[in-house]
Amino acid sequence: QVQLVESGGGLVQAGGSLRLSCAASGRTVSSVNMGWFRQAPGKEREFVASIHWTGVSTYYTDSVKGRFTITRDNAKNTVYLQMNSLKSEDTAVYYCNGNPNRVPLPGTVGPYWGQGTQVTVSS
């Protein structure tokens, strides 16, 4: 089992930045592929970014490319999402996701979820 806890969300003005963190604990957490998803009110859950457990490969949805960066620190069992140039469209609850076998993508969502952290971008 892997437990995930997100933090770092909050209220920020458009154009600002936030860094989300997802702390993992449990068995063999360093070898779990990690990703971020988000869900806005009344909308479907959306893939945001993911990273291979080694950090060798990263993936992003088109709407965040060039603005968001996913990284991980396996020594600290933590994955980060640095969000720059935030837009009102980024407002959502952000969830981290873990998959021990596949990099999290829209078709390869893993079994481990955090409880989410709210990001609100104001104009």
Side-chain angles (χ1 to χ4, degrees):
Q1 290 279 16
V2 176
Q3 295 79 45
L4 306 176
V5 179
E6 302 96 334
S7 62
L11 175 64
V12 64
Q13 290 193 10
S17 298
L18 284 174
R19 187 173 74 163
L20 306 183
S21 299
C22 177
S25 61
R27 186 170 178 267
T28 321
V29 294
S30 63
S31 63
V32 176
N33 307 290
M34 301 295 297
W36 290 93
F37 293 77
R38 66 188 181 186
Q39 188 166 24
K43 296 187 177 181
E44 295 291 314
R45 183 183 64 202
E46 177 188 21
F47 166 75
V48 178
S50 59
I51 187 168
H52 188 263
W53 73 271
T54 65
V56 68
S57 302
T58 57
Y59 306 86
Y60 300 92
T61 191
D62 285 345
S63 65
V64 308
K65 287 181 179 177
R67 300 189 298 121
F68 291 11
T69 304
I70 187 170
T71 58
R72 70 187 301 160
D73 185 342
N74 286 352
K76 297 182 178 180
N77 298 128
T78 301
V79 63
Y80 305 96
L81 185 67
Q82 178 67 48
M83 306 185 295
N84 299 326
S85 302
L86 283 161
K87 306 174 181 179
S88 60
E89 305 94 276
D90 298 316
T91 295
V93 177
Y94 284 70
Y95 301 90
C96 62
N97 176 253
N99 190 331
N101 304 119
R102 300 285 186 271
V103 175
L105 292 170
T108 54
V109 179
Y112 305 116
W113 289 98
Q115 293 192 342
T117 185
Q118 176 72 50
V119 172
T120 303
V121 184
S122 65
S123 300

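Only heavy atoms go into these numbers, but all of them, side chains included; no hydrogens, no water, no symmetry mates.
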Peer 1: What closest approach, in Å, do Thr78 and Ser21 show between heavy atoms, and which atom pair accounts for it?
Peer 2: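 In this case the closest contact between Thr78 and Ser21 is CG2-CB, 4.2 Å.
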
Peer 1: Is the shortest side-chain N to carboxylate O distance from Asp90 to Lys87 below 4.0 Å?
Peer 2: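 Salt bridge: no.
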
Peer 1: Roughly how far apart are Tyr60 OH and Lys65 NZ, rounded to 0.5 Å?
Peer 2: 10.5 Å

Peer 1: According to salt bridge (Lys or Arg N to Asp or Glu O under 4.0 Å), who are the partners of Lys76, at least two apart in sequence or on a separate chain?
Peer 2: none

Peer 1: Same hydrophobic cluster for Leu105 and Val109, using side-chain heavy-atom links shorter than 4.5 Å among ILVMFWY?
Peer 2: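 Shared cluster, yes.
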
Peer 1: What about Ile70 and Met34, same hydrophobic cluster or not, with Ile/Leu/Val/Met/Phe/Trp/Tyr joined at side-chain heavy-atom distances under 4.5 Å?
Peer 2: yes

Peer 1: Is a side-chain donor or acceptor of Asn74 paired with a backbone partner of Asn77 at a separation under 3.5 angstrom?
Peer 2: no

Peer 1: Heavy atoms, side chains only, cut-off 4.5 Å: are Thr61 and Glu46 in contact?
Peer 2: yes

Peer 1: Set out, in order, the CA-CA distance, both residues' side-chain angles and the distance that settles side chain to side chain contact (heavy atoms under 4.5 Å, CB included) for Leu20 and Ser7, then state yes or no.
Peer 2: CA-CA 6 Å; Leu20 306 183; Ser7 62; over 6 Å; no

Peer 1: Compare every heavy atom of Val2 with every heavy atom of Ala24, then report the nearest pair and how far apart it is.
Peer 2: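 Where Ala24 meets Val2 most closely, the heavy atoms are CB-CG1, 4.4 Å.
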
Peer 1: Say whether Asn84 and Ser17, considering side chains only, have a donor N or O and an acceptor N or O under 3.5 Å apart.
Peer 2: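 Side-chain D/A pair, Asn84 to Ser17: present.
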
Peer 1: Applying the ring pair (Phe, Tyr, Trp, His ring centres under 6.0 Å) test to Phe37, which of Tyr95, Tyr112, Phe47 qualifies?
Peer 2: Phe47

Peer 1: Check whether the side chains of Tyr80 and Arg19 place a donor and an acceptor atom closer than 3.5 Å, and report yes or no.
Peer 2: no

Peer 1: Under the side chain to side chain contact (heavy atoms under 4.5 Å, CB included) criterion, do Tyr94 and Leu81 qualify, and how do the steps go?
Peer 2: CA-CA 10 Å; Tyr94 284 70; Leu81 185 67; 4.2 Å; yes

Peer 1: About how many Å separate CZ of Arg38 and CD of Gln118, when rounded to the nearest 0.5 Å?
Peer 2: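 If we round to the nearest 0.5 Å, Gln118:CD and Arg38:CZ are 12.0 Å apart.
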
Peer 1: Kindly say whether Cys96 contributes a backbone atom to a donor-acceptor pair with the side chain of Glu6 at under 3.5 angstrom?
Peer 2: yes

Peer 1: Do the non-hydrogen side-chain atoms of Val48 and Phe68 ever get within less than 4.5 Å of each other?
Peer 2: yes

Peer 1: Restricting to non-hydrogen atoms, name the atom on Lys43 and the atom on Gln39 that form the minimum distance, rounded to 0.1 Å.
Peer 2: O-NE2, 3.1 Å

Peer 1: Do the side chain of Asn97 and the main chain of Gly35 share a donor and acceptor less than 3.5 angstrom apart?
Peer 2: no

Peer 1: How close do Gly9 and Val119 get, heavy atom to heavy atom, and via which atoms?
Peer 2: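 In this case the closest contact between Gly9 and Val119 is CA-CG2, 4.2 Å.
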
Peer 1: Using only atom types and a distance under 3.5 Å, with no angle test, would you say the side chain of Ser50 pairs donor to acceptor with the backbone of Pro104?
Peer 2: yes

Peer 1: Roughly how far, to the nearest 0.5 Å, is CD1 of Ile51 from CG of Asn33?
Peer 2: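 Atom-to-atom, Asn33:CG and Ile51:CD1 are 9.5 Å apart.
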
Peer 1: Mark yes or no for whether Arg67, through its side chain, and Ser85, through its backbone, hold a donor-acceptor pair below 3.5 Å.
Peer 2: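 Checked: pair present.
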
